[in-house]
Structures are given as structure tokens and as C-alpha cells.
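What follows is a single structure, written as C-alpha cells, with notes after it.
Counting starts at 1 for both ligands and their atoms, following the listed order. Computed from heavy atoms alone, side chains included, the values below leave out hydrogens, waters and symmetry copies. Source: prediction; values computed, not measured.
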Amino acid sequence: MLSSRMSNLHPYVPGEQPKDRIYIKLNANENPYPPSPKVIKAVRAAAKAHPEKMALYPDPDSNELKEAIADMLNKSGGVLCRANLEKGKKNGSGAIVSPSEFDKIPFVVTPDMIYAGNGSDEVLSFVFYAFFDSDRKLVMPEHTYSFYPVYGGFYDIPLEKIPLKADWTLDTEKMLEAANKENSGIIFANPNAPTSLGLTRDQVRKMLEKAPKDRVFVVDEAYVDFGGESCIPLLAEFQNLVIVRTTSKSLCGAGQRLGYLVANKELVEAVTTVKNSLNHFPIDFLAQTAGIAACRDAGYYAKCAQSVAFERDEFIDFLREKGWFVLDSQTNFIFCKKDGVNGQEAYRRIKKEGILVRRFDTPGIEEYLRITVGTHEQMQALRDVMEEI
Ligand SMILES: *Cc1c(COP(=O)(O)O)cnc(C)c1O
């Protein structure tokens, strides 16, 4: 009964969401903080004032949302944990936000440079469909977001996986070599997962200068708000650059399923064509409402990102003092292992105490734990457990 295509599918396995007991969930890189009170207010008000909108199709192109995203990027610079905060005027949950000098975008991001979709996973899927083909290998790091290979299988796109360097950073030279050999596209997360390390904007610029100009180059900035360097400023120089971002991590919105990409207008149009051929209304009315309100309260999320970054650095210090090997992190998670401690065993002991972290069976990273940074209280609970390991 199955199509022949089915044999190419190797579905992604997300961080577990068990229901048997209440765990402290540090395994899916979700944000530990709730969305801005303004988001909750906006969703309530929208459902109450316009119940008929639940019966009608939403705006298929999410135009108001794209305006709000563009506006947020222009005002924040696109890296919330470095954004400057001024106290908000009245009854605000957040604050007025402005970019740090370093993160200022040297042009105005316009809504026609944005495509918004049902989670960045869907956006990525449309990107794979629109820009990559079965006639050449798409280049990616060996260890990166594990959904990319899933889409490779789904769309029958062969992959060239380039091992990371010994220090866990991307081997940009080898990646470029491979891309130029086949004249193919490149995709990676920056900062990368599960390693938590990022390339600087200058390093990405140097890659773009040497990469094939007629192939799309995708940078997934899911974690950039926690301390990476955004490549949005590079859009002024490179027409083949696509930047994918999500509200799931830094905008406390994993439950609403909202992701987007920023690119030049022709590439946005191509992805829109895919969308209109597959899922005409990817973002429901309530998610659009929530997303718009979230983007308008970037100050609130900047405070959340700054808290996460603070807790992260404290926790890294703690782990290192306890003899763990921990990579520096520019994300909302920590990648770590301890000599003499079996990864599976450490994971089990932490789970037994009611805390979920993530580990992988992937060769090369089996001994590592990936720990999402939670609130101060959650990290204190984890300290108490890890103290003993
Ligand atoms: C979480 C994550 C995504 C998916 O985000 P959604 O918007 O929730 O689909 C994409 N890329 C990377 C690297 C991620 O970590």
C-alpha cells in the first residue's frame, strides 16, 4: 500500500514529551519563560472581539505579521541578548529595545524580504523544495540540526556531510571545497546545534565570498538571539543568502508554531510559490495574532534572553568546576560531557531525579549531554543532581 517514496523517509525524533510525571524539561531547547503578557492579552482579545475570524481563513500571506517581524528586526538588530533596554512607558510588560552598536542592520529590512510559515521546520522544508535538487549534493556539517537530513530524504536531495574540526567548529574550508566541487548549496545552523558554537559574521562573509554565487546558502539562526552574530547585515551583499529564524526559542513561542526567513525578495517569492502549491494558509489566525504581539514587545523577550544567557554562563562555570568538559555556548543550551561518565548513564540518573535533558545515539556525540538552559530555580535543581555525578 505504500508509495516507493516512503522508503526515503527517516523521520526526526524530537526531544521526549513524557506524560508519566511532571519533569523539569531541559531537553527541547524551549524557553523557560511564558510569552509576554501582551501576547496573551492580544490572543484573548482577538478571540473575543472577532470570534467570526475563527470561522474564516486567515490572511494567507501573514502581511501584518511580516511587517511586525521586519519592524522587530530593525528595532532590535536581531540579537536580543545584546539589545539595549530602556524602561517601557506605561502598563507595558516589556521595555523599549534598541540594537547594540555591533548588531545594527545597515539597511531597512522590509516585509517583502520576509516569508513566514508554520514553524521554521516548515519554512526549512519549503527552502529545501525551492532551492535544492537531486542532481548534486547539498553541503552541511556532520553534526548539525538533525532535521536537515530528514528533509534530504523527503525531497530526494543527496547530502555531503562534512566532519567538524577537532574543536567542534565548522570546517568551513572543507565545506567550501565540497560546495565548489559540485557547485552546490550549503546549509548549517549558526550558532550550530548541538554544539552551541557559532561562526562570526565575518567568517560567514568569507564563506559567502567563496561559495557558489548561483546556489542558495542557508544560515539557520534559531539560536542567534542568545549570543550569536546575525548574518542579516550580509543580505545587502549576497543575493543567494537565506536566513531562517524561529519564534520557538527566543520568543517563547514553540507552542504557536511560527518561523520565518529573511532573504532577498526573489527568493522570498520562490518560497511563497512553494507554499501556495502545498499549504496555502500555513499560519492560523491566533498564531498570527500572537506573533504580531510578540514582535511588538521585543523588550520583554530581550530580558528573557538576557536572563537565559546569564544562567547559562553561571551553569557552565559550575560544570567546569565539577570537571565537566563544556563548550562555550552562544545559545540557550549547553553541550557537555565528563570523562569517565557514560552519557546514557548520566542522562538516566538525571531523569530519575525528575529532570529531562537530551542525549544522542549519533556516533561521535554519544557521551555528550545537551542541556537546555532553564530558569534559575530549574538550573539549581539540576546543579543538585549533577553535583553527585
Ligand atoms: C528548534 C530549531 C528549529 C525549529 O524551530 P521551529 O520553528 O520550532 O520549527 C530549526 N532549526 C534549528 C537549528 C532549531 O534548533
Side-chain angles (χ1 to χ4, degrees), residues 11-17 25-32 35 62 65 69 72 78-79 114-128 138 140-152 154 161 164 168 170 186-199 204 217-231 242-262 271 275 279 282-284 287-288 290-291 294-295 301 305 308 312 327 329-335 357-358 360 362 365 370-373:
Y12 178 76
V13 184
E16 54 194 322
Q17 313 274 351
K25 251 187 116 283
L26 304 177
N27 69 335
N29 295 346
E30 293 141 321
N31 201 303
S62 313
L65 174 63
I69 292 169
M72 169 188 66
V79 183
I114 312 271
Y115 170 83
N118 186 6
S120 65
D121 286 339
E122 188 202 58
V123 174
L124 283 161
S125 143
F126 292 174
V127 163
F128 272 65
L138 171 64
M140 65 180 66
E142 178 186 1
H143 299 296
T144 187
Y145 185 41
S146 42
F147 227 124
Y148 307 151
V150 175
Y151 288 142
F154 191 91
K161 293 185 182 178
L164 300 178
W168 296 97
L170 303 197
I186 294 180
I187 185 167
F188 58 93
N190 193 45
N192 197 22
T195 60
S196 72
L197 299 173
L199 296 175
V204 179
F217 187 114
V218 183
V219 180
D220 182 344
E221 294 191 346
Y223 298 107
V224 74
D225 275 322
F226 300 102
E229 296 189 13
S230 176
C231 289
V242 169
I243 296 170
V244 178
R245 303 180 50 122
T246 177
T247 68
S248 294
K249 314 289 163 51
S250 55
L251 294 199
C252 312
Q256 82 205 357
R257 310 307 304 127
L258 210 55
Y260 58 96
L261 66 75
V262 197
V271 176
K275 185 260 301 180
N279 184 8
I283 313 179
D284 69 80
Q288 291 193 34
C295 291
Y301 297 100
V308 166
R312 172 194 66 206
L327 291 182
S329 172
Q330 302 177 341
T331 63
N332 67 338
F333 61 88
I334 290 166
F335 191 60
V357 299
R358 186 94 197 256
F360 306 87
T362 321
I365 58 174
R370 192 198 71 187
I371 302 170
T372 305
V373 178

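Note: F128 CZ to F154 CZ = 12.5 Å, rounded to the nearest 0.5 Å. Distance check: N192 CG to L197 CG gives 8.0 Å after rounding to the nearest 0.5 Å.
In this structure, a donor-acceptor pair under 3.5 Å is absent between the side chains of N31 and Y301. In this structure, a donor-acceptor pair under 3.5 Å is present between the side chains of D220 and Y148.
Nearest protein heavy-atom neighbour of atom 8 (O) of ligand 1: S248 OG, 2.6 Å. Nearest protein neighbour of atom 9 (O) of ligand 1, counting heavy atoms only, is R257 NH2, 2.7 Å. Regarding atom 13 (C) of ligand 1, its nearest protein heavy-atom neighbour is D220 OD2, 3.3 Å. In terms of protein heavy-atom proximity, atom 5 (O) of ligand 1 is nearest to S120 OG, 2.9 Å.
Proximity annotation for atom 15 (O) of ligand 1: of Y145, Y148, Y223, Y223 comes nearest, heavy atoms only.
Under the 4.0 angstrom criterion for non-hydrogen atoms, K249 is in contact with ligand 1. Residue-ligand proximity: N29 is placed with every non-hydrogen atom at 4.0 Å or more from ligand 1.
Between D284 and R257 no salt bridge is recorded (no basic side-chain N to carboxylate O distance below 4.0 Å).
Ring geometry for F217 versus F188: interplanar angle over 60°, hence perpendicular rather than tilted (30 to 60°).
Interface of G119 with ligand 1, defined as ligand atoms under 4.0 Å from a residue heavy atom, comprises 7 (O), 9 (O).
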